[in-house]
A.B. asks: 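Have a look at this one.
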Amino acid sequence: RLECTSPLRASSGAVTLSVSNNGVDYATVTPSFTYYRAITVASVSPTYGVREGGGRVTVAGTFFPNRPAFACRFNETAAVPATFVSSTSITCPVPSLEAGHYLVAVAPNGVDFVGDEVVTVTPAVRVTHVEPARTKASGGDPLTVTGEQFLDLPTLRCRIAGAETVATFVDSETVVCPTPTGRLFANGTDYVVQVTNTGETYSQELVSVVALEDMAIAAMEPRFASISGGATLTVTGTDFPASDVQCRLSGAVLVAAVV
């Protein structure tokens, strides 16, 4: 096996490589050797990934050639294939990595890596509980989601029934997720609530809420009762659920019976 170091060249393009063992007779190597312009790396987004991998980062720069050997590397880990988008953009899959900070470098030939943009790898988000467990089908309700590893990032998102909403960070164990509006969920159907820090890789736990039709109140009888309490109030309307209904009267929460 021979190793030759390519000399500096003023322009890109294909050149012929030949080899000699006596300085006179040269054998031509095929196919030809190709110089590409020196690439630069300007940025990487998003700047966060998850330990279990599965997401992608977009690398922006200049003079990216469309080469099948184009690769990405996170620190000194094994290179992963890049996807060419344009001369100024490629995408890289994030492999499974330990939590920490990683320098992202790219190489059109899979060998000569360039770049030192930082991606932070974090443990995957987990969702353990959602409150309330029921939400109106028309959307717009805030859901308090508890779990682990939530980060205060601009890419923090929730996904409910396939629709994405912007989450509000409270702390590393709590976020608030609004249910999507302008979309009618099926009455009585469970919908899984997922959270992502990076906007790409979502939590995998099957924690859900039930969507219920908006109740419509028609009337209440009686409308007057003694301050001593004990009066039975009958409320009529539509779309009352079969169980777990509450009334609230003067700040007091009362268990209601559906009849």
Side-chain angles (χ1 to χ4, degrees), residues 6 8-13 34-127 147-159 162-172 175-178 194-204:
S6 60
L8 182 67
R9 183 177 168 85
S11 61
S12 59
T34 301
Y35 280 95
Y36 55 80
R37 294 186 66 174
I39 67 170
T40 64
V41 173
S43 64
V44 174
S45 64
T47 56
Y48 282 81
V50 295
R51 182 176 59 195
E52 287 74 8
R56 299 188 74 86
V57 295
T58 297
V59 181
T62 59
F63 307 126
F64 293 162
N66 188 1
R67 298 291 177 185
F70 218 135
C72 309
R73 190 174 66 188
F74 296 79
N75 282 1
E76 298 302 318
T77 61
V80 293
T83 298
F84 178 82
V85 178
S86 70
S87 63
T88 59
S89 178
I90 61 170
T91 63
C92 306
V94 180
S96 178
L97 300 167
E98 292 298 319
H101 303 291
Y102 291 82
L103 297 179
V104 179
V106 301
N109 60 1
V111 177
D112 302 312
F113 285 89
V114 174
D116 56 4
E117 296 297 313
V118 177
V119 167
T120 300
V121 174
T122 67
V125 168
R126 292 188 68 249
V127 171
E148 301 173 1
Q149 305 297 338
F150 300 143
L151 298 175
D152 188 9
L153 297 173
T155 50
L156 184 65
R157 297 288 187 273
C158 304
R159 187 166 64 188
E164 191 176 85
T165 59
V166 177
T168 299
F169 179 83
V170 178
D171 56 42
S172 63
V175 296
V176 176
C177 300
Q194 297 174 291
V195 178
T196 175
N197 284 324
T198 64
E200 290 202 359
T201 306
Y202 281 82
S203 58
Q204 298 299 306

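All of these numbers come straight from a predicted model, not from anything done at the bench.
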A.B. asks: Can you tell me how far apart CD (E148) and OG (S172) are? Round to the nearest 0.5 Å.
C.D. replies: 9.0 Å

A.B. asks: In this structure, which one of L151, V195, V125 forms a side chain to side chain contact (heavy atoms under 4.5 Å, CB included) with V175?
C.D. replies: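 Looking at L151, V195, V125, the match for V175 under the side chain to side chain contact (heavy atoms under 4.5 Å, CB included) is V195.
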
A.B. asks: Checking the side chain of T40 only, and the main-chain atoms of G61 only, is there a donor and an acceptor separated by less than 3.5 Å?
C.D. replies: no

A.B. asks: Would you say T196's side chain and T201's backbone share a donor-acceptor pair under 3.5 angstrom?
C.D. replies: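 Here the side-chain-to-backbone pair exists.
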
A.B. asks: Would you please test V57 and V94 for side-chain contact (heavy atoms from CB on, under 4.5 Å) and show each step?
C.D. replies: CA-CA 7 Å; V57 295; V94 180; 3.9 Å; yes

A.B. asks: Are the side chain of N197 and the backbone N or O of L153 linked by a donor-acceptor pair below 3.5 Å?
C.D. replies: no

A.B. asks: So, for S6 and Y35, which heavy atoms are closest and what is the spacing to 0.1 Å?
C.D. replies: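 Reported closest heavy-atom pair: CB-OH, 3.8 Å.
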
A.B. asks: Quick one: CG on N66 to CD1 on I90, what's the gap to the nearest 0.5 Å?
C.D. replies: 11.0 Å

A.B. asks: What distance do T88 atom OG1 and F64 atom CZ have between them, rounded to the nearest 0.5 Å?
C.D. replies: 7.5 Å

A.B. asks: Looking at every non-hydrogen atom in both residues, tell me the closest pair between R67 and P108 and how far apart they are.
C.D. replies: CB-O, 3.5 Å

A.B. asks: Applying the side chain to side chain contact (heavy atoms under 4.5 Å, CB included) criterion to F70, which one of V106, T83, N109 satisfies it?
C.D. replies: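 Considering V106, T83, N109, a side chain to side chain contact (heavy atoms under 4.5 Å, CB included) with F70 is found only for V106.
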
A.B. asks: Grab the two heavy atoms, one from F63 and one from A38, that are nearest each other, plus how far apart they are.
C.D. replies: CD1-O, 3.4 Å

A.B. asks: If you look at every heavy atom in P178 and T165, which pair is closest and at what distance?
C.D. replies: O-OG1, 3.0 Å

A.B. asks: Could you measure the distance from the OG1 atom of T198 to the CZ atom of R157? Nearest 0.5 Å is fine.
C.D. replies: 10.5 Å

A.B. asks: Evaluate the side-chain proximity of L97 to Y102: yes if any heavy-atom separation is below 4.5 Å, no if none is.
C.D. replies: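 In contact.
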
A.B. asks: If every non-hydrogen atom of F74 is compared with every non-hydrogen atom of C92, which pair is closest and at what distance?
C.D. replies: CZ-CB, 4.5 Å

A.B. asks: Please step through side-chain contact (heavy atoms from CB on, under 4.5 Å) for the pair S203 and R126, ending with a clear verdict.
C.D. replies: CA-CA 5 Å; S203 58; R126 292 188 68 249; 5.9 Å; no

A.B. asks: Distance from F150 atom CZ to L156 atom CG, nearest 0.5 Å?
C.D. replies: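 The CG atom of L156 is 8.0 Å from CZ of F150, to the nearest 0.5 Å.
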
A.B. asks: SG of C72 to CZ of F113: how many Å apart, nearest 0.5 Å?
C.D. replies: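 Taking SG in C72 and CZ in F113, the distance rounds to 8.0 Å.
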
A.B. asks: Could you verify whether a donor N or O on one side chain and an acceptor N or O on the other, from T58 and S45, lie under 3.5 Å apart?
C.D. replies: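 On atom types as modelled, these side chains do not qualify, holding no pair under 3.5 Å.
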
A.B. asks: Within the side chain of N75, is there an N or O that forms a donor-acceptor pair under 3.5 Å with the backbone of L103?
C.D. replies: yes

A.B. asks: Got a donor-acceptor contact below 3.5 angstrom from the E164 side chain to the R159 backbone?
C.D. replies: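 No, the answer is negative, given that no donor and acceptor are paired below the 3.5 Å cut-off.
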
A.B. asks: Could you report the tightest heavy-atom contact between V119 and V104, atom names first, then the distance?
C.D. replies: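 Closest approach of V119 to V104: CG2-CG2, 3.5 Å.
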
